[in-house]
Amino acid sequence: MKKTILFLSLIAGGMVAAAAAFAEDGQKPPRHIDWPFSGIFGNVDKQAAQRGFQVYKEVCSACHPLTHIAFRNLEDIGFSEAEVKVLASSYQIADGPNDSGDMFQRPGKPSDYFPSPYANDEAGRALHNGALPPDLSLIIKARKNGPDYVYSLLTGFSPPPAGVMLTAGQNYNPYFPGGKLMMPPPLTEGQVTYTDGTPASVDQMTRDVVVFLQWAAEPEMEERKEMGIKALVYLAIFTIFMYLAKRNLWRKLH
Ligand code: HEC
């Protein structure tokens, strides 16, 4: 009995401490969204990922690098080889040195990686009041509840509550640790014109860009889940055989 009480008070204490920690940095827990890619049978919706790429390219890429992704990786989400070629060649890539020792720019090839919008981190910070927009390639895995967090952050800007002071360039967002960040609300209704005709509400663009970033952070997710399912089926069949073998053996022994 005493032990139970001790145990329960420990749990209650833990919850109070967690709530206090949350209140301290004022970060609101992210909204929960049912993502089509979560769960053991979940997979990346290629159409949504392609729309999400369009959002990244037309909006986020102005500030955020995506340097772990090569143009040709986009074939994974259903772009054709020809489309990837055209896309790659629309970028200028730094290369060199050439025979005379100079660096030069050339049109991109499918095997090139997305170039960063900044020459270096300092240049990135200088443009955003000292805050560096992070590379988005791995952001979904780098943050707790990545998909829910990024969704909530992008849709969660609001006017600051009374008493919260913002400095130049700062915006209020309760989902960000501390509530103040240097990113302005990036999406407005109808900001992109989707090539597949889907109406571009803020909710739609945000979901799509999260699907794209989920794929970017974990391109091998589907393969991994498929392996998991195969392993489970294998184990189930193996168990049945072992059971039959055991029954057979014991029948002879009895
Ligand atoms: C005008 C530039 C700009 C645009 C456009 C922009 N961002 Fe940002 N973003 C920033 C800056 C600056 C930060 C860093 C904020 C800080 O640390 O205060 C940031 C931070 C973030 C973060 C990180 C929050 C964290 O936990 O560290 C995410 C995620 C993010 N942006 C996603 C996006 C997505 C997705 C888009 C496109 C829909 C986008 N951003 C468009 C400037 C931008």
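Counting starts at 1 for both ligands and their atoms, following the listed order. All values below come from the heavy atoms of this structure, side chains included, with hydrogens, waters and symmetry mates left out.
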Trainee: Considering only NZ, NE, NH1 and NH2 on the basic side and carboxylate oxygens on the acidic side, decide whether Arg106 and Asp112 come within less than 4.0 Å.
Mentor: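 A salt bridge links Arg106 with Asp112.
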
Trainee: Work out whether the distance between some heavy atom of Tyr56 and some atom of ligand 1 is less than 4.0 Å.
Mentor: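 Distance cut 4.0 Å: Tyr56 fails for ligand 1.
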
Trainee: Output every pair passing salt bridge (Lys or Arg N to Asp or Glu O under 4.0 Å) with a member in residues 74-88, not counting sequence neighbours, ordered by first then second residue.
Mentor: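 Those involving residues 74-88 do not exist here.
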
Trainee: Are more than 12 heavy atoms from other residues, nucleotides or ligands located less than 6.0 Å from atom OH of Tyr113?
Mentor: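 Open.
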
Trainee: Val150 versus Arg143: any side-chain heavy-atom pair under 4.5 Å?
Mentor: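 A side-chain contact is absent here, since even the closest heavy-atom pair is not under 4.5 Å.
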
Trainee: Return all protein N, O or S atoms below 2.8 Å from atom 8 (Fe) of ligand 1, chain by chain in residue order.
Mentor: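 Within the sphere that stays under 2.8 Å of atom 8 (Fe) of ligand 1, the protein atoms of type N, O or S are His64 NE2, Met183 SD.
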
Trainee: Provide the closest heavy-atom pair for Thr195 versus Gln54 in the form atom of the first, atom of the second, distance.
Mentor: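 Closest heavy-atom pair between Thr195 and Gln54: N-OE1, 3.4 Å.
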
Trainee: If you link I, L, V, M, F, W and Y whenever their side-chain heavy atoms are under 4.5 Å apart, who else ends up in the same group as Ile240?
Mentor: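 Its cluster partners, ordered by chain and number, are Tyr243, Leu244.
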
Trainee: Could you name the option among Arg143, Met205, Met182, Lys180 that has the heavy atom nearest to atom 15 (C) of ligand 1?
Mentor: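 Heavy atom nearest to atom 15 (C) of ligand 1 belongs to Met182.
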
Trainee: Among all the protein's non-hydrogen atoms, which is closest to atom 22 (C) of ligand 1, and how far away is it?
Mentor: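 Going by distance alone, atom 22 (C) of ligand 1 is nearest to Leu153 CD2, 3.9 Å.
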
Trainee: List ligand 1 atoms under 4.0 Å from Tyr149, heavy atoms only on the residue side.
Mentor: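 Those qualifying, in numeric order: 24 (C), 25 (C), 26 (O).
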
Trainee: Heavy-atom contacts with Val59 under 4.0 Å: which atoms of ligand 1 show up? List them by number with element.
Mentor: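 Within the 4.0 Å cut-off of Val59, ligand 1 contributes 5 (C).
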
Trainee: Scan residues 115-133 for pairs that pass salt bridge (Lys or Arg N to Asp or Glu O under 4.0 Å), counting only residues two or more places apart or in two chains.
Mentor: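 Listed by first then second residue: nothing to list.
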
Trainee: Flag yes if more than 12 heavy atoms outside Met103 fall under 6.0 Å of its CE atom; otherwise flag no.
Mentor: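 For Met103, atom CE is crowded (more than 12 foreign heavy atoms under 6.0 Å).
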
